[in-house]
Amino acid sequence: MASETNTTLIEARATTAGADKTLFNILLAISFCHLLNDTIQSVLPAIYPMLKTSFHLDFGQVGLIALTLQLTASLLQPLVGLHSDKYPQPYSLAIGMGITLAGLLALSMAPTYVTVLVAAGTVGIGSAVFHPESSRVARMASGGQHGLAQSLFQVGGNAGSALGPLLAAFVLTKGQSSIAWFSFLAIAGIMILTFIGTWAKNHRAAADAAKAKMSALYGGVTGSAHAAHRAGLPAAKIGVSMAILIALMFSKFFYLASISSYFTFYLMDKFHLSLQSAQLHLFIFLGAVAAGTFTGGPIGDRIGRKYVIWASILGVLPFTLLLPYVNLLWTTVLSIVIGMILASAFSAILVYAQDLVPGRVGMISGLFFGFAFGLGGVGAALLGKLADLTSLTFVYHVCAFLPAIGILTVFLPDLEPEAASRPRRA
C-alpha cells in the first residue's frame with residue numbers, strides 16, 4: 001500500500017512539474033492566432049477612408065463604425081470570460097474565429113452603411129468569444145511566467161494590428177470586395193484553434209486529475225500560499241486598485257484610439273500625404289506597438305508590474321505633448337517612441353489584475369480586453385465628433401495630456417513579482 005501511495009504521489013508531482021514548464025509551442029500558436037484575429041480586425045480602421053468616400057460619411061459616422069466594432073466586443077467579453085471560468089469551453093476559440101469570418105465576408109459585400117455596422121458588430125462578437133479563452137490558454141501554458149506568456153500573446157495581436165493596414169494598402173486594390181481575401185486568414189485560424197482547443201481540453205483534464213490525487217494524499221490541502229496572500233488583501237483595496245487600473249486603461253486606449261483611427265487622416269491633412277503613404281506610417285506606429293508589447297511582461301515578472309505601469313503610462317507624457325508641434329520626420333520618430341513605451345503597459349496591467357483576483361482568469365481577461373475594445377471604440381466615436389467640431393490637430397492637442405492619468409499608479413499596492421520569490425530554473 002505504501003508503494004502504491006508513493007507511486008501515486010510521484011505521478012501527481014510529475015504532472016504538476018510538467019505544468020510548470022513554459023510551453024512555447026502553445027504560446028507561439030495562440031500568439032499567431034491572435035495575430036490572425038487582430039489582422040482581420042485592423043482591416044476596418046485601414047479602410048475607413050475608403051468607406052468614408054464610398055458611403056459619403058462624416059467623421060462621426062466613421063467613429064460609429066469603430067464604436068460598433070469595439071462595443072460588441074467589450075460588452076460581451078466579461079460575460080464570456082465569467083461563463084468560461086465556470087464552464088470552460090476550449091473549442092470556443094475556433095467558434096469565435098468562425099464568427100469573425102462571417103462578419104468579414106458580410107463586410108466585403110455590405111451594400112449600405114447599416115449593413116457595414118452589422119458586419120462590424122459581427123466581427124466584434126467573434127473577438128469577444130476569442131479573447132478570454134485564448135488569454136486563459138496563454139496562462140495555462142506559461143509555466144508560472146505569466147508576464148512573459150501574456151506579452152507573447154499580446155505581441156501577436158499587436159503585430160496583427162500593424163499588419164492589417166499594411167496588407168490593406170496592397171491587397172484592397174479593387175475596393176470593398178477585396179476584403180474577402182482576408183477570409184483565408186480566418187480559415188487558417190479556425191484550423192489552428194481547433195488543435196489548441198484539443199490541447200487545452202486534455203491539459204485541463206490532466207491538471208484536474210493531478211489536483212485530485214494531491215488533494216487525496218494531503219487531506220484536501222492544495223491551495224497555494226500565493227493565492228492566500230492575494231485573498232488576504234482587503235476587498236476595498238482590491239476595488240480601488242481595479243478602479244485605478246481601469247483609469248489607466250482609459251488613458252492608454254483613448255490615446256491609442258486617436259492614433260489607430262485618425263492617424264491616416266491627420267497625416268493626410270497636416271502633411272498632405274497620399275492614402276497609401278499615410279497607411280504605411282500607421283503601420284510603422286502599430287509595428288512599434290507590437291515591438292513594445294513584448295517588454296512589459298518579462299520585465300514585470302522580474303521587477304514587479306507596478307514599476308512597468310509607472311514607466312509605460314506616465315513615462316510617455318513628454319512625447320505625446322511634443323507630437324502635435326513637430327514636422328513629419330519627428331512625427332514618425334515620436335510615434336515610434338510613443339507606441340513602444342505605451343504598449344508595454346497592457347500585459348503588466350492584465351497580469352497585475354489577475355494576481356489581485358486569483359481564480360478568475362477568464363473574467364479578468366474578458367473585463368480588461370473588453371475595456372480595451374470598448375474604450376477604444378468610445379474614444380474613436382467621441383474623438384470623431386470632436387474632430388468634426390474642431391480639427392484633428394486639436395484632437396491631438398487634447399489627447400496629449402491623457403498619459404498624465406498615470407500618476408494614479410502611486411495608489412496601487414506593491415505586489416511582489418512571482419519571479420522574485422522562486423528560484424531560477426536551469
Side-chain angles (χ1 to χ4, degrees), residues 11-40 81 84 88-98 100 126-127 129-163 184-211 290-302 343 346-348 350-351 354 361-362 365 369 418-419 422-426:
E11 289 175 351
R13 284 177 173 172
T15 304
T16 304
D20 288 338
K21 295 180 180 178
T22 303
L23 304 177
F24 285 101
N25 58 333
I26 299 298
L27 289 176
L28 291 175
I30 198 67
S31 178
F32 180 69
C33 290
H34 199 185
L35 180 148
L36 296 177
N37 183 80
D38 285 22
T39 296
I40 294 170
S84 64
Q89 303 288 335
Y91 292 109
S92 64
L93 292 167
I95 293 172
M97 189 66 77
T100 297
S127 177
V129 176
F130 170 80
H131 280 95
E133 188 66 25
S134 58
S135 182
R136 183 201 308 281
V137 167
R139 192 173 179 95
M140 288 167 60
S142 70
Q145 300 187 73
H146 303 313
L148 172 65
Q150 286 299 327
S151 286
L152 276 174
F153 174 64
Q154 288 301 322
V155 80
N158 286 330
S161 296
L163 190 60
F184 290 103
L185 301 183
I187 293 170
I190 290 170
M191 292 188 292
I192 298 171
L193 289 171
T194 300
F195 161 76
I196 292 175
T198 301
W199 172 85
K201 180 181 178 180
N202 295 337
H203 179 86
R204 186 176 285 112
D208 289 344
K211 187 183 297 183
T293 295
F294 184 75
T295 61
I299 293 175
D301 283 337
R302 291 183 173 275
F346 187 65
S347 295
L350 180 60
V351 177
Q354 290 173 345
V361 175
S365 298
F369 278 113
E418 294 177 13
R422 66 171 184 263
R424 292 174 58 89
R425 292 190 295 270

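Computed from a prediction, not measured in an experiment: that's the story for all the values here.
- For the residue pair Val155 and Ser31, the shortest heavy atom distance occurs at CG1-OG, 4.2 Å.
- In this structure the side chain of Leu36 never reaches within 4.5 angstrom of the side chain of Thr39, judged on heavy atoms.
- The side chain to side chain contact (heavy atoms under 4.5 Å, CB included) check on Phe24 picks up Thr22, Leu27, Leu148, Leu152, with sequence neighbours excluded.
- Atoms CH2 and CD1, from Trp199 and Ile26 in turn, are 5.0 Å apart once rounded to the nearest 0.5 Å.
- Side-chain polar atoms of His131 and Ser127 form a donor-acceptor pair below 3.5 angstrom.
- Closest approach of Ser151 to Pro298, counting heavy atoms only: OG-CD, 3.4 Å.
- For Ala200 against Met140, the heavy-atom pair with the smallest separation is O-CE, 3.8 Å.
- At a threshold of 4.5 Å between non-hydrogen side-chain atoms, the residues Ser135 and Leu350 count as touching.
- Nearest approach of Ala149 to Ser142, heavy atoms of both residues: CB-CB, 3.4 Å.
- Using a 30° and 60° split on the angle between ring planes, His34 and Phe153 fall in the parallel class, below 30°.
- With rounding to the nearest 0.5 Å, the separation of CD in Gln354 from NE2 in His146 is 8.0 Å.
- In terms of heavy-atom proximity, Ile190 sits nearest to Gly98 at CD1-CA, 3.7 Å.
- Side-chain contact check for Phe32 versus Ile192: some heavy-atom pair is nearer than 4.5 Å.
- Using a 4.5 Å cut-off on side-chain heavy atoms (C-beta onward), Ile30 and Leu193 make contact.
- Residue Met97 holds its CE atom at 9.0 Å from CG of Leu93, rounded to the nearest 0.5 Å.
- Between the CG atom of Leu185 and the CG atom of Asp38 there is a distance of 12.0 Å, given to the nearest 0.5 Å.
- Closest non-hydrogen pair, Arg136 versus Arg204, comes out as CD-NH2, 3.2 Å.
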